[in-house]
Amino acid sequence: MKIIASILIFLAACVAKADRAYPVTFSPNKVIESGRAFPTGASSGYLLKKKFIDEEATLEVRSKDGSLRIVHLGNIDIADAVLAGDNMLILAQSDSLYTLILVDKTGQMHSKILPNISPNGKAIFADISGNEVLLLVSRRLYRVDFGNSFTAEPVAEGVTEAKFLKKKAHTTRIAYISITQSGMNLNIIRNGKSEILSKLAAYENSKLCIWGDTVVVLSGGANYGNSTLVQIITLSHGIIFESWVEANISLVEIMHLRGVLCALYLKTDEENYIRLQNLKTGKQIYSVFLNERLIEPYKFALRGGNAIVFFRNGLVRFETSSGTINAIDYLPIGKHFRTDELDAGFAGHNIIITSDETSLVLVRHDNKLWLLTRFYRQAGNILIPLIFMVVVVVLLHYYRKQKKLLDILQEHSGRGAILILDKGGKLLRANRAAKELIGISESIPKHKNILYYCVGTGLQNIKEWISFVLANRDSAKQKIIINNENNPKEWLFSAVVLRNFAGRLRGIVINGMDITEELEKKRLNNWASLAHDMQTNLSTIRLNAEQLSIEPENENYVRREKIIHQVNVLIQRVRDIVTVGRSDSLDKQQYDVQEICKEVISEFDQNMFPHVEFVLAAIPMPVICDKPKMIRALRNAIENATRALKGKPGTVSISNYSDAKNVCFVIRDSGVGMDQKTKSKMLTPYFTTGAKEGGFGIGTMIMQHVVDMHGGEIIINSESGKGTELIFAIPSAGKIPARKTFMRR
């Protein structure tokens, strides 16, 4: 969780520095009131301010060096203005005439009255080429030379759109759309003569785009909604292509892409799409979905290999060749401009949005961390669910851990002592039974290491086992005898280790149950079962004994062997009962290991185990032990080994060796072996795998009991299908240390 939080803080810091997920962003820098801006460079251009009440019209000229000159235009009304290279061309209007004013970049002004053009309605510059400009006055078209002559020549009547065509042989060619009584026509003026190039369908709005000798006519209107008819017309063949595009005529631009004439447009229905369509094939080259909340598109502006779409609440800048968006910014454009008056220019890398009354300067900034910001924004759809899932997994882990703890507490609630330790062994909680067991009262300080509390009478065995668990940090189970006021009690303790999802130790839950009464009941049941079995054995002996006098001699020999075997079984079981029932006192003396092994092997009659090959591989070696008890333990181990053969031929061997601390008795068999689960339960009291053969688990309990009395341990090496090796490790020193046989689970 700390790592996730750090990543989110880092990403938030990056977003604070790069507030856009695109390479470029634009921000408002300055609002210029009462003027239309005409930029000619990064820091140069013109600002035209129209006459306002008693104030005269002015033109501010800013040079590249930053110097500013103000040109006073006088008390005139400005009809239109356009850049003519680095100069400014202005059309001034009075009640009776038009005046053409040319201002250069030094602020020098030249003016000329156009006497043959009378003001009659709206006048605009339709197109400009070199020193010539097409002037459209109330659908009358004039070609004006503002070079040396400042002359105006009438061209045509009923004109709605006009553009210069590329000059050929030093002659001016003009294409224009005219409306006559017979309809709408595309006309061309070449060699000083006007001719109809193509008949056009009449539409409310039209726009001309010129590419060399090719004319593209865009037609549309309110009756056609968001649809525009595109017609490609050549001077030699007339209309060669026409197609509809799904966009308003104001949002369609014609461009060349790798020699192909294309229509770039913005489709606006319920959603916005930027599309580029090949006009010769009609196929879309790309379609880019704008998922941003941009509303009311105003117009397109093309510059170099980029295009900008202006909206009421922002702009989108993208590469025209691929449609790759490199800027989306939310700006209050609709606060300053209306759709029909907005125009755009470029001052270096900056954008100037302008109208007759207001100009807005947008400064470009490069976002160096835009990729990281893009990842942060786009990955949010993935990161947020992912973080949520991680949080859920972590919570589920803690829930499962707590549930496991609660299950343990619930399972053992009211039936024993429960101690909850942290990973360092500090006591966190203890139930009432645990407090009574280790003697915790209200006056004893809490939250100390568990070993701090295990100092009372009879708690030494518990302390040793808990130390073992803390050292190994693994789950374990052990039977422990607690002698309190000469009243020994048998307790079964289990430790459950709690780990986090990374496998690290989080705590330990220790549960102890008093099994004294339960064991006593189980022992009584076992004694009853043994008595029942002995009754069966005695009945067999009596039956065979009654038949000794009437059967042939050769059969009497077999029956005698059966009687001897049954008697030996009874003797062994009686000895086992005596061994379990005796006190824990030991009569230790020094004996020879080889002699003990020989005596154990001699108790097994080869006739009774014809499938077993008993191998005595013991060597002379001194050992200090209680010989009768050790023989009983070894005999039970060998008996278990013969059972592991499952009646099939095999070997059972007994050998010995010594190390620095122990003398070891080794019993090996070639039987079925044990899997890990059986091996882990091997030394559990009364556990047996031979219930069908009459086993009760007492033999295994005797082995463990005898080895514990000698301060040794039992080591089990076994693998399923490969036999078992049982090692009794008896301390070789004369003094026996207080040790217990601990089992790991």
Side-chain angles (χ1 to χ4, degrees), residues 34-38 40 45-63 68-164 167 170-176 178 189 192 194 341 343 354-357:
S34 303
R36 177 183 288 271
F38 296 86
T40 58
Y46 301 89
L47 180 64
L48 179 62
K49 294 185 176 181
K50 293 185 177 183
K51 181 182 70 172
F52 182 72
I53 307 177
D54 295 334
E55 296 180 359
E56 63 180 3
T58 60
L59 180 67
E60 295 181 3
V61 183
R62 188 174 296 275
S63 302
L68 177 66
R69 296 179 179 85
I70 299 177
V71 178
H72 296 276
L73 301 176
N75 189 20
I76 60 173
D77 291 323
I78 297 175
D80 200 4
V82 66
L83 282 174
D86 288 337
N87 302 322
M88 191 73 198
L89 188 63
I90 302 170
L91 182 66
Q93 178 182 350
S94 64
D95 293 337
S96 58
L97 52 83
Y98 285 110
T99 302
L100 198 62
I101 302 173
L102 181 67
V103 181
D104 63 21
K105 58 185 177 182
T106 64
Q108 295 295 319
M109 183 174 67
H110 309 276
S111 63
K112 178 71 173 180
I113 297 175
L114 303 177
N116 57 340
I117 304 176
S118 60
N120 184 18
K122 186 177 181 181
I124 60 171
F125 291 126
D127 196 12
I128 187 170
S129 176
N131 292 331
E132 293 183 322
V133 64
L134 293 177
L135 178 62
L136 191 58
V137 181
S138 298
R139 294 193 175 182
R140 289 183 179 180
L141 183 63
Y142 298 88
R143 181 169 64 88
V144 180
D145 185 343
F146 58 89
N148 296 323
S149 61
F150 271 77
T151 59
E153 174 189 346
V155 175
E157 297 282 345
V159 178
T160 59
E161 291 282 332
K163 294 286 184 182
F164 283 110
K167 285 189 177 182
H170 304 287
T171 61
T172 300
R173 298 186 300 172
I174 301 172
Y176 64 92
S178 64
I189 297 176
S194 176
E341 66 179 7
D343 199 0
T354 186
S355 68
D356 288 342
E357 298 178 355

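Hydrogens, waters and symmetry mates play no part in the numbers below; they use all other heavy atoms, side chains included.
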How far apart are the closest heavy atoms of [X] and [Y], and which atoms are they?
X: G121; Y: Y98; value: O-OH, 3.7 Å
X: A152; Y: L114; value: CB-CD2, 4.2 Å
X: L48; Y: I90; value: CD1-CD1, 4.0 Å
X: N87; Y: L102; value: CB-CD1, 3.8 Å
X: L73; Y: M109; value: CD2-SD, 3.7 Å
X: A57; Y: I78; value: CB-CD1, 4.1 Å

Which residues share a side chain to side chain donor-acceptor pair (under 3.5 Å) with [X], sequence neighbours left out:
X: T172; answer: E132
X: Q108; answer: none
X: Y142; answer: none
X: S111; answer: none

If I take atom [atom1] from residue [X] and atom [atom2] from residue [Y], how far apart are they, to the nearest 0.5 angstrom?
X: I76; Y: K50; atom1: CD1; atom2: NZ; answer: 11.0 Å
X: L135; Y: L141; atom1: CG; atom2: CG; answer: 8.0 Å
X: D145; Y: T151; atom1: CG; atom2: OG1; answer: 5.0 Å

Listed partners of [X] passing side chain to side chain contact (heavy atoms under 4.5 Å, CB included), at least two apart:
X: E161; result: I177, S206, L208
X: A84; result: L89, I128, F146
X: R36; result: F38, D343, T354, D356
X: K112; result: F150

Restricting to salt bridge (charged side-chain N to carboxylate O under 4.0 Å, His left out), what partner residues turn up for [X], sequence neighbours left out?
X: E153; value: R143
X: K49; value: E60
X: E55; value: none

Can you tell me if T40 and R62 form a side-chain donor-acceptor pair at under 3.5 Å?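 No.
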
Candidate pair V61 and L68, rule side chain to side chain contact (heavy atoms under 4.5 Å, CB included), full reasoning: CA-CA 6 Å; V61 183; L68 177 66; 5.9 Å; no

Minimum side-chain heavy-atom gap [X]-[Y] below 4.5 Å:
X: F125; Y: L134; answer: no
X: S63; Y: R69; answer: yes
X: L83; Y: M88; answer: yes

Kindly determine whether R140 and I117 satisfy side chain to side chain contact (heavy atoms under 4.5 Å, CB included), including the steps that lead there. CA-CA 10 Å; R140 289 183 179 180; I117 304 176; over 6 Å; no

Pair listing, side chain to side chain donor-acceptor pair (under 3.5 Å) test, anchored in residues 74-84, at least two apart: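 Of all non-adjacent pairs touching residues 74-84, those that pass side chain to side chain donor-acceptor pair (under 3.5 Å) are K51-N75, K51-D77.
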
Look at atom CZ of R173 and say whether more than 12 heavy atoms of other residues, nucleotides or ligands are closer to it than 6.0 Å.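 More than 12 heavy atoms, drawn from other residues, nucleotides or ligands, come within 6.0 Å of this atom.
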
